[in-house]
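Before any comments, here is the structure.
Remember, it's a predicted structure, so these values are computed and weren't measured experimentally.
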Amino acid sequence: MREWLAFFLPPAMAFAGMRLARLVLGRKFEDGFGLGLRLAVGLAVGMLVFSQTVLLTALAGINAAGLLAWTAMIWGTAEVIVLSPKCAASLRQMEFRPAHLWLLLLLPLLYSWWVFGRLGTLEGTIDFDANAFWVFKAKLLYLAQGKTLLAILRQPSLAYAHMDYPMLVPGLYTLNYGLVNGVDEFVNKVWPFWMMVALCLATLSLANIWKRPHPLPLLVVTLLAFLPASLRFIRTEGGTIPMVFYTGLTALLMVVAFSFDDEIALAAAWLTLAGCAMAKFEGILYAAIWGCASVVFCWRRRWLKNRLLWKIALVASVWLIPYFCLRLAKPVLHPDSGWIQDGLTSPGTVLRRFPQTWALNIINRFFSYDFFHWQTVDKDHVQWDVQWAGLKSLVNPELSVLPWLLLFVFGFSLWWKARHRLALATLAGVIIAQLTILSFSISCLARVQADVANVINYNTNTDSIARFYYPFFTACFLGVLSVWFSDIPATSTPPSLAK
């Protein structure tokens with residue numbers, strides 16, 4: 001019974017987060033965004049606010065996990081009660097049309113949700129990274145606070161646990177422990193499950209699927225849910241699915257903002273970027289790149305004096321303070337955190353390793369490991385040991401045919417969707433910059449500089465590669481495909497429609 005209580009914490013937090021987003025974004029957020037998109041933004045905001053509050057109170061010596069979790073549950077329940085009459089009235093106004101038969105395409109997705117929803121409270125922690133890093137730190141936040149917590153964070157023997165990582169995910173697990181009044185590893189999987197549900201609902205809401213039934217958004221969310229990486233990581237704990245959720249939702253909102261000069265979508269995207277930055281280090285980089293791109297966009301649109309955007313920037317920055325407090329406490333650093341110093345030690349080697357790392361890690365997302373197979377004989381150069389096995393050589397074990405489909409759809413969209421070219425070009429630039437900087441940071445690692453075999457091993461390590469690159473390929477995929485079913489913007493009317 002306790003596990004089922006924890007199962008409903010994420011949706012309750014989503015409804016509470018909707019109210020928080022409404023308070024900072026204003027009436028246009030409620031009027032212009034569909035319920036699914038508002039729920040996703042609400043979940044993103046709620047997870048950010050409550051998880052960072054858990055971290056801040058733990059650093060201050062207070063175990064507030066139970067209080068915060070029950071606050072979210074009661075608040076979310078109250079929001080559901082308030083929203084129910086409006087939803088009931090909307091349901092009565094719905095009219096069925098033959099085009100709604102397209103919705104039957106969602107049956108496989110709904111069945112997968114039923115399966116993974118059941119597994120969410122029936123399966124314990126199965127992922128090594130989760131046991132060693134994420135769940136371990138969640139137990140620390142729940143069981144130790146104040147000086148005791150700080151002493152543990154500074155122990156050199158725990159450097160492997162990424163004590164310097166952002167704490168959004170451990171904070172979410174800690175909230176579950178507070179809700180069920182004890183450490184329970186059978187409640188951690190509810191978060192990746194509900195994040196994937198919310199991301200799919202946001203995509204369908206952006207497509208306005210009931211008023212404009214069309215198979216494309218249905219196929220998009222189904223493909224996302226049934227990617228090999230999605231099927232794997234939705235059952236595991238850690239920061240991968242949170243990164244998929246935050247990067248994908250940000251891409252959807254940024255495409256709307258850049259395509260239709262929508263300040264509410266841009267403001268909501270800045271809130272999700274704050275959550276992205278608190279999920280993983282890669283999220284900090286993703287937020288920084290999108291931040292630079294959106295500042296240039298605001299300068300072109302003369303929005304640099306927009307009060308709403310400045311308010312949102314301030315609100316988003318406030319919820320980064322708990323992590324800055326954590327870093328000021330000087331937790332022990334993971335060995336890989338010194339990649340900048342490693343790179344500065346021998347920049348010539350880094351420049352030689354970087355093209356190898358970029359090619360092996362990124363291009364290999366398009367092929368099977370048997371076909372895109374490399375070896376080295378002198379620890380410095382790589383040789384392609386090709387093993388063509390037919391068309392299955394073009395299928396990646398984590399992303400399937402998604403990268404190939406993404407290339408085709410992006411090229412066709414750039415040619416056909418003239419109104420969205422700025423959004424598409426910006427999205428592609430952000431993703432390419434993200435993957436390039438990520439590959440460069442890997443090239444700086446001392447073990448990668450020492451032996452190119454480590455680059456090859458890094459490339460064939462499905463755990464590492466899928467965790468690093470899967471969120472950004474899916475974010476780009478959702479952003480590019482959304483231009484085909486978001487021609488009617490969320491909160492504004494494009495000039496062509498206004499005429």
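The existence of a salt bridge linking Glu263 and Arg307 is excluded, since no basic side-chain nitrogen approaches an acidic carboxylate oxygen closer than 4.0 Å. Between Arg447 and Asp336, at least one side-chain nitrogen of the basic residue sits less than 4.0 Å from a carboxylate oxygen of the acidic one, meeting the salt-bridge criterion.
Side-chain atoms of Leu55 and Leu59, non-hydrogen and from C-beta on, do get closer than 4.5 Å to each other. Side-chain contact between Lys139 and Glu185 is present, with heavy atoms from C-beta onward closer than 4.5 Å. For the pair Trp191 and Met13, the minimum side-chain heavy-atom distance is below 4.5 Å. At least one side-chain heavy atom of Gln52 sits under 4.5 Å from a side-chain heavy atom of Leu168. Between Leu175 and Met47 the shortest side-chain heavy-atom distance does not fall below 4.5 Å. In this structure, Trp270 and Met254 have side chains that are in contact, with non-hydrogen atoms separated by less than 4.5 Å. Residues Val296 and Thr426 have side chains not in contact (no heavy-atom distance under 4.5 Å, counting atoms from C-beta outward). Using a 4.5 Å cut-off on side-chain heavy atoms (C-beta onward), Tyr177 and Val135 make contact.
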| task | For the pair Tyr286 and Ile431, evaluate side chain to side chain contact (heavy atoms under 4.5 Å, CB included) and give the outcome as yes or no after the intermediate values. | result | CA-CA 8 Å; Tyr286 186 76; Ile431 298 300; 4.0 Å; yes
| task | Start with the C-alpha distance between Phe412 and Trp484, add both sets of side-chain angles, then the distance that settles ring-ring contact (aromatic ring centres under 6.0 Å, His included), and finish with yes or no. | result | CA-CA 11 Å; Phe412 187 70; Trp484 290 91; 5.5 Å; yes
| field | Working for side chain to side chain contact (heavy atoms under 4.5 Å, CB included), residues Arg353 and Val452 | value | CA-CA 7 Å; Arg353 286 285 180 266; Val452 75; 4.0 Å; yes
| message | I'd like to know whether Phe410 forms a side chain to side chain contact (heavy atoms under 4.5 Å, CB included) with Leu427, so could you lay out the CA-CA distance, the side-chain angles of the two residues, the decisive distance to 0.1 Å, and finally the verdict. | response | CA-CA 10 Å; Phe410 175 78; Leu427 175 63; over 6 Å; no
| request: Check the pair Asn131 / Phe136 against side chain to side chain contact (heavy atoms under 4.5 Å, CB included), numbers first and verdict last. | output: CA-CA 6 Å; Asn131 277 304; Phe136 173 64; over 6 Å; no
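Here the straight-line distance linking atom CD1 of Ile437 with atom OG of Ser441 works out to 8.5 Å at 0.5 Å rounding. Between Leu271 atom CG and Leu48 atom CG the span is 8.0 Å, to the nearest 0.5 Å. Going from atom CD1 of Ile363 over to atom CZ of Arg365 covers 10.5 Å, rounded to the nearest 0.5 Å. If you take CG on Asn396 and OH on Tyr470, they are separated by 12.5 Å, rounding to the nearest 0.5 Å. Separation of atoms CG (Leu333) and OH (Tyr165) is listed at 12.5 Å; rounding is to 0.5 Å. Atom OG of Ser205 sits about 8.5 Å away from atom CG of Leu39, to the nearest 0.5 Å.
The two residues Gln434 and Glu282 make their nearest non-hydrogen contact at NE2-O, 3.3 Å. When every heavy atom of Ser368 is checked against every heavy atom of Pro397, the shortest pair comes out as CA-CD, 4.3 Å. Considering all non-hydrogen atoms of both residues, Leu438 and Leu285 come closest at N-CD2, 4.4 Å. Across every non-hydrogen atom of Thr247 and Pro471, the tightest pair is OG1-O, 3.3 Å. Smallest separation of non-hydrogen atoms from Val332 and Pro156: CG2-CA, 3.8 Å. Contact detail for Ala198 and Ala40: the closest heavy-atom pair is O-CB, 3.6 Å.
Atom NZ of Lys311 is surrounded by more than 12 heavy atoms from other residues, nucleotides or ligands within 6.0 Å. Applying the 6.0 Å contact sphere to CZ of Phe440 captures no more than 12 heavy atoms from other residues, nucleotides or ligands. The environment of CZ in Arg327 is crowded: more than 12 heavy-atom neighbours from other residues, nucleotides or ligands sit within 6.0 Å. Crowding of Arg19 atom CZ: a count of heavy atoms from other residues, nucleotides or ligands under 6.0 Å not exceeding 12. Around atom CZ of Phe408, no more than 12 heavy atoms belonging to other residues, nucleotides or ligands sit under 6.0 Å away.
The distance between the ring centers of Trp194 and Phe116 does not fall below 6.0 angstrom.
Ring geometry for Trp404 against Phe366 counts as perpendicular: the plane angle is over 60°, on a 0 to 90° scale with 30° as the lower cut.
Within the 3.5 Å criterion, the main-chain N or O of Gly120 finds no donor-acceptor partner in the side chain of Arg235. Between the side chain of Gln145 and the backbone N or O of Ala60 there is no donor-acceptor pair closer than 3.5 Å. One N or O on the side chain of Arg154 and one on the backbone of Ala329 form a donor-acceptor pair closer than 3.5 Å. Remark: the backbone N or O of Phe233 is paired with a side-chain donor or acceptor of Thr236 at under 3.5 angstrom. The closest donor-acceptor contact from the side chain of Thr174 to the backbone of Pro170 lies under 3.5 Å.
Side-chain contact, Thr250 with Trp290: no donor N or O sits under 3.5 Å from an acceptor N or O. No hydrogens or angles considered: nothing links the side chains of Gln449 and Asp342 as a donor-acceptor pair under 3.5 Å. Between the side chains of Asp164 and Tyr323, not a single donor N or O lies within less than 3.5 Å of an accepting N or O. Remark: the Asn361 side chain and the Ser439 side chain contain no N/O donor-acceptor pair separated by less than 3.5 Å.
Note that Lys137 lies in the cation-pi zone of Trp134, set by a 6.0 Å cut-off to the ring centre and a 45° limit from the axis.
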